[in-house]
Amino acid sequence: MAALANETRRLPIGVQSFSSLRDGGFVYVDKTKYIHDLVQKSKQYFLSRPRRFGKSLFLSTLKAYWEGKKELFTGLAIAELEKDNPVAWQSYPVFYFDFNKDSYQRDGALEDVLDEHLRGWEDLYGGRIGETLGGRFRSLLQRAYEKTGRGCVVLVDEYDKSLLEVLDNNELTEHNKAVFKGFFSTLKSYDQYLQFVFITGVTKFSKVSIFSDLNQLDDITMQPAYANICGITEAELQENFAPELADLAASQQMNDEECLTALRNMYDGYHFAAISDGVYNPFSLLKAFSTNMLEAYWFATGTPTFLTKQVKQMQLDASKFTNHTIYASGAVMTDYRFDNPDPIPLLYQTGYLTIFDYDARRQRYMLGFPNDEVKYGFLSSLLPVYTPTSTAAMGTDIFTIDEYIENGDIEGVGDIFKALFAGIPYTTDDTPFEHYFQSVIYLVFTLLGRYVHCEVHSAKGRADCIVETLDFVYLFEFKVGKSAQEALAQIEEKGYAEAYRADKRKLYKIGVSFDGEKRSLEEWKVVE
């Protein structure tokens, strides 16, 4: 059997060190032109991007640049851009804060991480001076500047991990915010000792000192010039991963164009500015090339449960996620507040929503799911929040419904729906039944639509839901507070079945009645 092309190429899955990537001969998508641009334009920056989007690798690349490791940049864009710069590739004192590797669920965890960083630098620039963490950091910046004669470079990776992990613990959240206030305010008061500052995170929390105090930070999160600073554009994909694309296409029995379309639908679609190219999720794309399978790799790393709970608590219409009728201003999208119950800013910043359009006159953005990986992954996570009984173990999952649909077992489908609505926790939840009803129906049939052709709540004059398989057509009509017979009568009166008169597939008309007071599915009637 012939060897696959990518067996001789190393893909940087999980590689966050630029030095390791370059020394190890991994495939690298060149983003160094952005470093040249950042260094030339300003001094202190902030960038927000979703998790697993390449922020850590970019920060590590900045670290190597400021440490003067010219040999690592041979053949890259910045080597050409800096060739006539007489002060390029000098070594500066670099203070790199990595908040990725620790857990912050216990008291004092953030202080321990900061202390560990400081102790390492105190060994390099002189012993501990100062009683507080902030005081020690200020002393280090001053001593490093005096010792080297050059300004200090401060790089902060995933500053908000210690906040996101403890959102359900108000006391620890407030404590960690106070720690940040006492520590990073140094970056403003000691500007004379700084050469360059770059801070990354998933979110931009307002009322946290790193932003309220550091108003000198240039937030490039939604600036068009930096929309592609992380992630992989389609041009970069085709330029850098042609062998892997060919291998994946062969394994999926597609041609290259079909494979590219499948990748685009699954992993592309992120936009980080009003006008910008779409970018692929780099983690999922690399995993797909590595395994030669199109799976939900990024989403499988975990969705914060508080996000899906907030969506339910806000009674947000789930259909808005897929029909692109979620609107927000730029200020709202990049400025998340702890006391704001609206999940939209956090959903955007964490990568579950992205920009689809921008109305310049109204200065508002239109948001939606970026791709199928996020769409089906998020809706799958949302369904159990509404119906805890939706599990494979109980035989009430989407795969079981799909199996019944494909085999024409419409009574089996009815049993699952009865079980799903029987599991709604109406005694402890004040969410109106109408919201449960609409959400569950929408979620089930949207998720089912990944496997069969499914139209959910089509335009006026069509049945509430139409499901088509190779052998069957199902016309659903749902009623709340009315009988299933009335639902069937509407199917007949409106002539919903007329479009399938000449169709050879077996057609089912299903009338479904829900009782809002009992919060249950009361009737399920089927006519062939």
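In this chain, residues are counted from 1 in sequence order. As the structure is a computational prediction, the values presented were derived from the model and not from experiment. Quick note: numbers below take in every heavy atom, side chains included, and nothing from hydrogens, waters or symmetry partners.
- Using a 4.5 Å cut-off on side-chain heavy atoms (C-beta onward), Leu47 and Tyr226 make no contact.
- The heavy-atom pair separating Pro282 from Gly54 by the smallest distance is CG-N, 4.4 Å.
- Take Lys479 and apply the side-chain hydrogen bond (donor to acceptor under 3.5 Å, both in side chains) test, not counting sequence neighbours, and it matches Gln490.
- Between the side chain of Asp160 and the backbone N or O of Val202, at least one donor-acceptor pair lies under 3.5 Å.
- Partners of Ser520 by side-chain hydrogen bond (donor to acceptor under 3.5 Å, both in side chains), not counting sequence neighbours, listed by chain and number: Glu522.
- The backbone N or O of Leu294 lies less than 3.5 Å from no partner atom in the side chain of Lys287, so there is not a single donor-acceptor pair.
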Full working for salt bridge (charged side-chain N to carboxylate O under 4.0 Å, His left out) between Lys161 and Glu158: CA-CA 6 Å; Lys161 188 172 187 286; Glu158 302 287 15; over 6 Å; no
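- Tyr352 and Trp298 have their aromatic ring centers within a separation under 6.0 angstrom.
- Of the possible donor and acceptor atoms, one in the side chain of Ser513 sits under 3.5 Å from a partner among the backbone N and O of Lys482.
- Under a 3.5 Å cut-off, the side chain of Ser290 and the backbone N or O of Leu286 do not form any donor-acceptor pair.
- Asn176 contributes atom CG, which lies 5.0 Å from atom CG of Leu110 (distance to the nearest 0.5 angstrom).
- Residues satisfying the ring pair (Phe, Tyr, Trp, His ring centres under 6.0 Å) criterion with Tyr365, sequence neighbours excluded, are Tyr358.
- Rounding to the nearest 0.5 angstrom, the gap separating the OG1 atom in Thr387 from the CG atom in Leu420 is 5.0 Å.
- Of all heavy-atom pairs spanning Asp107 and Leu172, the tightest one is OD1-CD1, 3.5 Å.
- Contacts of Thr233 classified as side-chain hydrogen bond (donor to acceptor under 3.5 Å, both in side chains), with partners at least two apart in sequence or in another chain: Glu236.
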Phe283 vs Ile13, side-chain contact (heavy atoms from CB on, under 4.5 Å): CA-CA, chis, key distance, verdict: CA-CA 7 Å; Phe283 177 75; Ile13 300 171; 4.2 Å; yes
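- A ring pair (Phe, Tyr, Trp, His ring centres under 6.0 Å) with Phe321 is found for exactly one of Phe378, Tyr442, Tyr348, namely Phe378.
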Check against side chain to side chain donor-acceptor pair (under 3.5 Å), Asn292 and Asp247: CA-CA 7 Å; Asn292 278 329; Asp247 286 341; 5.6 Å; no
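- In terms of modelled atom types and a separation under 3.5 Å, the side chain of Gln349 and the main chain of Pro50 share no donor-acceptor contact.
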Pair Phe272-Phe53, side-chain contact (heavy atoms from CB on, under 4.5 Å): steps then yes or no: CA-CA 12 Å; Phe272 297 108; Phe53 238 85; 3.9 Å; yes
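- Lys509 places no side-chain N or O within 3.5 Å of a backbone atom of Leu488 that could act as its donor or acceptor partner.
- Note on residues 262-283: pairs passing side-chain hydrogen bond (donor to acceptor under 3.5 Å, both in side chains), not counting sequence neighbours, are Glu234-Arg264, Glu234-Tyr280.
- The cationic group of Arg10 lies under 6.0 Å from the six-membered ring centre of Phe26 and within 45° of the ring axis, placing it in a cation-pi geometry.
- Every residue meeting the ring pair (Phe, Tyr, Trp, His ring centres under 6.0 Å) condition with Phe356, not counting sequence neighbours, appears here in chain and number order: His324.
- The two atoms that bring Ile510 and Val526 nearest to each other are CG1-CG2, 4.2 Å, heavy atoms only.
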Leu346 and Thr203: CA distance, side-chain angles, deciding distance, side-chain contact (heavy atoms from CB on, under 4.5 Å) verdict: CA-CA 7 Å; Leu346 202 53; Thr203 59; 3.1 Å; yes
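- Aromatic rings from Phe421 and Phe514 are positioned such that their centres are separated by under 6.0 Å.
- Classification of the Tyr508-Tyr474 ring pair by plane angle, with boundaries at 30° and 60°, yields parallel.
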Residues Tyr376, Tyr451; criterion ring pair (Phe, Tyr, Trp, His ring centres under 6.0 Å); working and verdict: CA-CA 11 Å; Tyr376 293 114; Tyr451 308 104; 7.6 Å; no
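- In the displayed structure, Arg106 atom CZ is contacted under 6.0 Å by more than 12 heavy atoms of other residues, nucleotides or ligands.
- Separating the CZ atom in Phe369 from the CG atom in Leu367 is a distance of 11.0 Å, to the nearest 0.5 Å.
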Phe99/Tyr159 under ring pair (Phe, Tyr, Trp, His ring centres under 6.0 Å): CA gap, chis, key distance, verdict: CA-CA 6 Å; Phe99 291 105; Tyr159 87 93; 8.2 Å; no
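- Although no hydrogens or angles enter the test, the distance criterion places no donor-acceptor pair under 3.5 Å between the side chain of Glu174 and the main chain of Glu171.
- Within the structure, salt bridge (Lys or Arg N to Asp or Glu O under 4.0 Å) pairs that include any residue of residues 397-413 do not occur (at least two apart or interchain).
- A donor-acceptor pair is defined here as one N or O able to donate and one able to accept, closer than 3.5 Å; such a pair exists between the side chain of Lys31 and the backbone of Gly231.
- Between Arg505 and Glu468 there is a salt bridge, since at least one side-chain N of the basic residue sits less than 4.0 Å from a carboxylate O of the acidic one.
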Verdict with reasoning, Gln16 to Ser60, per side-chain contact (heavy atoms from CB on, under 4.5 Å): CA-CA 7 Å; Gln16 298 180 345; Ser60 178; over 6 Å; no
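- With sequence neighbours excluded, the residues forming a side chain to side chain contact (heavy atoms under 4.5 Å, CB included) with Glu493 are Ala489, listed by chain and number.
- Below 30°, between 30° and 60°, or above 60°: for Phe97 and Phe184 the angle between ring planes is above 60°, a perpendicular geometry.
- Judged by distance alone, with hydrogens and angles left aside, the side-chain atoms of Gln105 form a donor-acceptor pair with the main-chain N or O of Glu165 at under 3.5 Å.
- Of all the heavy atoms in Ser381 and Phe299, the pair that sits closest is OG-CE2, 3.4 Å.
- Here Thr446 contributes atom OG1 and Leu382 contributes atom CG; the two are 10.5 Å apart, rounded to the nearest 0.5 Å.
- In this structure, the side chain to side chain contact (heavy atoms under 4.5 Å, CB included) partners of Arg362, at least two apart in sequence or on a different chain, are Asp359, Arg364.
- For the side chain to side chain contact (heavy atoms under 4.5 Å, CB included) test, residues two or more places apart in sequence or in another chain that qualify with Asp219 are Phe46, Lys204, Thr221.
- With sequence neighbours excluded, the residues forming a side-chain hydrogen bond (donor to acceptor under 3.5 Å, both in side chains) with His175 are Glu111, listed by chain and number.
- Across Gly511 and Ala484, no two heavy atoms sit closer than the pair O-CB, 3.4 Å.
- Minimum heavy-atom separation, Tyr404 to Gly412: CD1-C, 3.4 Å.
- For the atom pair OG (Ser251) and CG (Leu248), the distance works out to 4.5 Å, reported to the nearest 0.5 Å.
- For Asp357, the side chain to side chain contact (heavy atoms under 4.5 Å, CB included) criterion is met by Met366, not counting sequence neighbours.
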